[in-house]
Amino acid sequence: MDKFQTLEDIFANDQFDILNVKPKVSSARNADERLSASFGEVNDFFAKYNKEPQPNPGNISEFQLYSRLKSIRSDIEKMQSLEEQDIHGLLNFEAKEINSIDDIFNDDTFDLLDDDSDLFEFKHTPKDYERAPSDFVARRKPCKDFDKYEMLFKDIQKDLGDGKRKLVDFKEDNLREGDFYVHNGVLMLLENINLTQEETYVEGKRLRKDGRTRCIFENGTESNMLYRSAAKILYANGKVVTQNMDKVNENFIERFSNITDEDAAAGYIYVLRSKSKDERIIEIDNLYKIGYSKVEVEERIKNAEKDPTYLMAPVKIITSWKCYNMNPQKLEQLLHNFFGKSCLNIDIFDEKKRRHTPREWFIAPIDVIEQAIELIISGEVVKHRYDEKNMIIIEI
DNA sequence: TTTAAACCGAACGTGTTTTG
DNA sequence: CAAAACACGTTCGGTTTAAA
């Protein structure tokens, strides 16, 4: 097809008549009409009671009319557009002549001038307080034993590249000795924290926990800035480097490799996704059920459509693990503790209209759920917690 | 509901390096 | 060489969030 040269070409070529748009005929009233109708009600009130509506808390409709009138009076444009309609003189239109200082003060509709505070009392400017002096100001300087750390930084970079570690938003409670951070794009190791002051409140004044740190930077410098300074710069432009998940999972594999089929009480932990057509369910991304079954998972879910546990709908198996010596109650409790607010909270009604609240559905990405299950099986879960905002598991 | 901690932002200080 | 620009560090207040 030729390229269109002008807008006219485009309109002339409208074979499906899609550009022939008629202006929408709106039956809705426009703002002026609404305002007019609204003022009409105030007029009706005045005609009926021969007084202005008062701020009478006992009478909601009178209060509404009072508020309306007040709002109209505070807006010069509304006043003007309603001038002709003002049959009871409610809007009192005469322009006041301003000749004297007194006239100005008397015309103070918004109480702007009725402020008895001192002009020289600064309420919204910073106070001129004494700042506590610091013992000294840390400076970044070349790190004398950087060769000790160089490989660590290289490893972290590699893990980041391989996706084994991630960068997540900084929070003060993940400022920990031995952890890695990124500040202004530079990797940083918080090598040491030496807290010399715990958080206390003295005479209403807040003293925060603080103390010198040793921070090593990827570029071969180090700084002994204060703990609070480290927190501050990372809030401003920093990230946290997460733990290497492979290391976390190693323990799990070790624990599993020496378990045999002869072990007692084998069962399956499984992860499912719902095929429900329910709007409430469809609109939730990353919704999975984690469950435990003594029989094969396929067997367990055969009647999913009739089981409120499965949201009365078919399900799709995502993964399952064979496991041993698992206590189902404990599993459920662990999951709820771990995922906290990420549990699905929804009411499901079965065929007899009885209400159920399934408790084993969780909102989290599948890789996080798999990690969580591995941590639960290995027992390592107690050393971790789930960060809902970043949707990631963090070592405590 | 009250209280404590976490979070976030900002003012401002102190050295170091660059520039006129 | 002093001033200005820059980089980094310290302290504090207010608001939001979590815990008791």
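Letters go in sequence order (proteins before strands), and every chain restarts at 1. Just so it is clear, the structure is predicted and the values come from calculations on it, not from any experiment.
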> Between the two end axes of the helix from B:dT1-C:dA20 to B:dG20-C:dC1, each built from 5 base pairs, what angle do you get to the nearest 10°?
Replying inline: 0°
>> Over 60° means perpendicular and under 30° means parallel, so tell me whether A:F45 and A:Y49 are parallel, tilted or perpendicular.
In response: tilted
> Taking the six-membered ring for Trp, are A:F339 and A:F362 parallel (under 30°), tilted (30 to 60°) or perpendicular (over 60°)?
Replying inline: tilted
> Closest to the A:R228 side chain: B:dA6, C:dT10, C:dT11?
Replying inline: C:dT11
Rounded to the Å, how far apart are [X] [atom1] and [N] [atom2]?
X      : N      : atom1 : atom2 : value
A:L175 : B:dC7  : CG    : C1'   : 13 Å
A:N184 : C:dG9  : CG    : P     : 11 Å
A:Y227 : C:dG9  : OH    : P     : 17 Å
A:K232 : C:dC8  : NZ    : P     : 12 Å
A:K141 : B:dT16 : NZ    : C1'   : 15 Å
A:Y235 : C:dT15 : OH    : C1'   : 13 Å
A:M225 : B:dG15 : CE    : P     : 16 Å

> What nucleic acid atoms does A:R140 come within less than 4.0 Å of, heavy atoms only: base, sugar-phosphate, or nothing?
Replying inline: sugar-phosphate
Using 0.5 Å steps for rounding, measure from the [atom1] atom of [X] to the [atom2] atom of [Y].
X      : Y      : atom1 : atom2 : answer
A:L272 : A:T309 : CG    : OG1   : 11.0 Å
A:I281 : A:M312 : CD1   : CE    : 11.5 Å
A:K239 : A:L167 : NZ    : CG    : 7.0 Å

>> Consider side-chain contact (heavy atoms from CB on, under 4.5 Å). Of A:L234, A:N219, A:I216, A:V182, which one does A:M188 pass it with?
In response: A:L234
> Quick one: is A:R212 getting a side-chain N or O under 4.0 Å of the C:dT10 phosphate, OP1 or OP2?
Replying inline: yes
> Given C:dT11, is OP1 or OP2 found less than 4.0 Å from the side-chain N or O atoms of A:S229?
Replying inline: no
>> What verdict does the side-chain hydrogen bond (donor to acceptor under 3.5 Å, both in side chains) test give for A:Q157 and A:E218, after you've listed the backbone C-alpha separation in whole Å, the side-chain angles of each residue and the deciding distance to 0.1 Å?
In response: CA-CA 10 Å; A:Q157 287 286 15; A:E218 191 183 17; 2.3 Å; yes
